[in-house]
Amino acid sequence: MITINHVTKTFGKEKTAVRDAVWTVPDGKITGFIGPNGAGKTTSLKMITGVLKPDSGNILINGTDIVKEPLKAKKQFGFVSDTPDNFLRLKGIEYLNFMADAYEVPTEERSAFISTYSKRFGIEQSLGDKILSYSHGMRQKIMVMGALIHNPSVWILDEPMTGLDPQASHELKLMMKEHAASGKSVLFSTHVLEVAEKLCDNIVIIRKGEIKFLGTLEELKSRFAQDTSLENIFLELTGDGKDN
Ligand SMILES: Nc1ncnc2c1ncn2[C@@H]1O[C@H](COP(=O)(O)OP(=O)(O)OP(=O)(O)O)[C@@H](O)[C@H]1O
Ligand SMILES: [Mg+2]
């Protein structure tokens with residue numbers, strides 16, 4: 001569970017990327033975080049994961065404050081950022097072992113994880129190659145594996161389906177569903193409304209740094225009873241789309 005309490009983040013003197021945001025990510029559900037380009041999704045996810053510090057407000061991961069107790073809070077989640085171009089000089093398997101070491105994952109658990117998920121993503125033949133030689137989608141897959149190898153209860157993913165082929169995207173969606181079904185929480189950002197519509201139990205819509213909607217897909221649709229298209233509802237809530 002994630003609790004976001006009155007969080008604000010301003011860049012420079014006047015660019016308020018997130019303004020007084022109040023929302024939660026419940027356990028046992030997939031929460032989709034939706035908004036146009038520049039709306040404040042990545043900034044929010046970076047504050048939730050302790051990469052950026054809020055100017056005001058606080059964020060609790062399973063009850064632990066990410067700013068006050070970062071180590072304890074960071075053990076609770078796995079974060080897949082929107083840029084999978086990290087650790088390029090490491091081989092895939094070296095990166096996975098590095099992440100497993102960092103989180104003290106026992107040998108047997110990590111081997112089982114690596115074997116299962118590299119097969120699910122179809123990259124078992126590439127684990128011995130440097131990440132530098134991977135395609136964008138392969139980098140995305142290895143970063144997802146690295147983020148989840150310690151079996152965190154909270155999954156946080158920034159545009160995770162970008163660059164994944166249909167098979168891998170299907171696998172990741174299944175993994176997210178399995179994780180939520182086991183009572184844990186999944187938060188992911190997306191632009192793809194069809195994905196949100198099919199996958200999410202819960203929807204959070206952000207526009208120009210402000211939370212515009214927070215609730216279930218059914219609640220969102222019933223609010224706009226005459227219009228059942230999520231795309232139209234989204235366009236209505238987010239204006240003309242672009243924020244910059
Ligand atoms: N480091 C930074 N310095 C200054 N402004 C920033 C910085 N990071 C983000 N911003 C601004 O904050 C706003 C929100 O950006 P953010 O990256 O959170 O949007 P987003 O919703 O993730 O967009 P996208 O869908 O394009 O990924 C934008 O106006 C952006 O220009
Ligand atoms: Mg972003």
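Both counts, for ligands and for their atoms, begin at 1 and track the order of listing.
For ligand 1, none of its N or O atoms has an N or O atom of A17 under 3.5 Å away. No N or O atom of F11 sits closer than 3.5 Å to an N or O atom of ligand 1. Polar contact check, G35 against ligand 1: no nitrogen or oxygen pair lies under 3.5 Å apart.
Among residues two or more places apart in sequence or in another chain, the salt bridge (charged side-chain N to carboxylate O under 4.0 Å, His left out) test is passed with K184 by none.
Under 4.0 Å is where a charged nitrogen must lie from a carboxylate oxygen, and between R139 and D85 at least one such pair does. Salt bridge absent: E104 and K75 never bring a charged side-chain N and a carboxylate O closer than 4.0 Å.
Comparing I206, T43, V18, D82 against atom 18 (O) of ligand 1, the shortest heavy-atom distance belongs to T43. When the options G40, G38, S44 are ranked by their closest heavy atom to atom 13 (C) of ligand 1, first place goes to G38. Distances from atom 20 (P) of ligand 1 to the heavy atoms of K46, K15, R207, K41 show the closest one on K41.
Because the distance cut-off is set at 2.8 Å, N37 fails to qualify as a neighbour of the Mg ion (ligand 2), as none of its N, O or S atoms comes that close.
Residue S189 does not touch ligand 1, judged by heavy-atom distances below 4.0 Å.
The closest donor-acceptor contact from the side chain of R19 to the backbone of G209 lies at 3.5 Å or more, if one exists at all. In this structure, T43 contributes its side chain and G40 its backbone to no donor-acceptor pair below 3.5 Å.
By the 4.0 Å heavy-atom criterion, H191 is counted among the residues contacting ligand 1. Residue contacts with ligand 1 do not include G209, since none of its heavy atoms lies under 4.0 Å from the ligand.
Side-chain atoms of V67 and N58, non-hydrogen and from C-beta on, never get closer than 4.5 Å to each other.
Using a 3.5 Å distance cut-off with no hydrogens or angles, the side chains of T24 and T3 do not pair a donor with an acceptor.
Atoms of ligand 1 found under 4.0 Å from any heavy atom of T42 (numbered from 1 in listed order, with element): 17 (O), 18 (O), 20 (P), 22 (O), 27 (O).
Within 6.0 Å of atom CZ in F98, 12 or fewer heavy atoms from other residues, nucleotides or ligands are found, so the atom counts as exposed in its surroundings.
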